[in-house]
Amino acid sequence: MNTFRLNISSYEGTVFEEEVTMLILRGASGDLAIMAGHIPFATSVVPGEIRIMIDDAKELKAKTDGGLLTVDKDKTTLLSGSFQWVE
């Protein structure tokens, strides 16, 4: 499966920076699933759960109070006010 670089930053600095296969979260217009090769865009992110697929076998979950998501050709960046990993 193809991967892309995901960078998540909050007030504390960089929280996560790794190659992933998918990012799932809720944007201003609804649910989003970002994968490699996604068309570039930017949107606000609403508070809620974030799911990060590292590969087919590993998934990470976190919560955010919202923020800004930018998707570029080679990298996706989430700027979040607060970010907390969920077990």
Side-chain angles (χ1 to χ4, degrees):
M1 196 170 240
N2 292 335
T3 63
F4 64 96
R5 191 71 166 173
L6 174 61
N7 179 297
I8 301 174
S9 296
S10 72
Y11 293 122
E12 292 93 32
T14 300
V15 183
F16 181 86
E17 189 167 13
E18 195 171 322
E19 292 289 318
V20 301
T21 57
M22 188 184 317
L23 170 66
I24 301 168
L25 47 69
R26 179 161 291 177
S29 298
D31 292 337
L32 299 168
I34 310 300
M35 298 177 73
H38 198 289
I39 187 167
F41 75 100
T43 188
S44 59
V45 173
V46 299
E49 184 179 77
I50 297 170
R51 294 172 47 207
I52 302 167
M53 310 301 201
I54 304 297
D55 55 35
D56 290 339
K58 186 174 180 185
E59 175 182 347
L60 302 175
K61 291 183 181 181
K63 291 196 179 232
T64 181
D65 67 348
L68 177 66
L69 178 73
T70 58
V71 178
D72 294 318
K73 182 180 176 189
D74 299 321
K75 180 172 85 170
T76 295
T77 303
L78 173 61
L79 301 174
S80 175
S82 75
F83 184 88
Q84 181 178 1
W85 293 109
V86 176
E87 296 295 321

Query raised in the report: What's the verdict on side chain to side chain contact (heavy atoms under 4.5 Å, CB included) for F4 and V20, showing C-alpha distance, side-chain angles and the deciding distance?
Result: CA-CA 6 Å; F4 64 96; V20 301; 3.5 Å; yes

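- The CD atom of E59 lies 9.5 Å from the OG1 atom of T21; values are rounded to the nearest 0.5 Å.
- The shortest non-hydrogen separation linking G81 to S10 is O-CB, 4.2 Å.
- Using a 4.5 Å cut-off between side-chain heavy atoms of Ile, Leu, Val, Met, Phe, Trp and Tyr, with links allowed through other members, V15 and L25 fall into the same hydrophobic cluster.
- The line from CD1 of I39 to CD1 of I34 is 11.0 Å long, rounded to the nearest 0.5 Å.
- In terms of heavy atoms, D65 sits closest to S82 at OD1-N, 3.0 Å.
- Every side chain to side chain contact (heavy atoms under 4.5 Å, CB included) that R5 has, sequence neighbours left out, goes to E17, E19, K75.
- When the side chains of ILVMFWY residues are joined at heavy-atom separations under 4.5 Å, either directly or via intervening members, F41 and V45 end up in a single hydrophobic cluster.
- Checking side-chain atoms of T64 against main-chain N and O of G66 turns up a donor-acceptor pair under 3.5 Å.
- Side-chain contact check for T70 and D72: no donor-acceptor pair (N or O, by modelled atom type) lies under 3.5 Å.
- The neighbour count for D31 CG, taken as heavy atoms of other residues, nucleotides or ligands under 6.0 Å away, is above 12.
- Annotation for P40 and K73: closest pair CG-N, 4.3 Å, computed over non-hydrogen atoms.
- When the shell of 6.0 Å around CD of E49 is examined, it contains more than 12 heavy atoms from other residues, nucleotides or ligands.
- A side-chain contact (heavy atoms from CB on, under 4.5 Å) with L69 is found for one member of I50, T77, L23 and no other, namely L23.
- With a 4.5 Å cut-off on side-chain heavy atoms, I52 and I8 count as touching.
- One finds the CG atom of L6 at 12.5 Å from the CE atom of M53 (value rounded to the nearest 0.5 Å).
- Using cut-offs of 30° and 60° for the angle between ring planes, the F83 and W85 rings count as perpendicular.
- In this structure, M35 CE and T3 OG1 are separated by 11.0 Å, a value rounded to the nearest 0.5 Å.
- The cluster map of Ile, Leu, Val, Met, Phe, Trp and Tyr, joined by side-chain heavy atoms under 4.5 Å apart, puts L78 and L32 in the same cluster.
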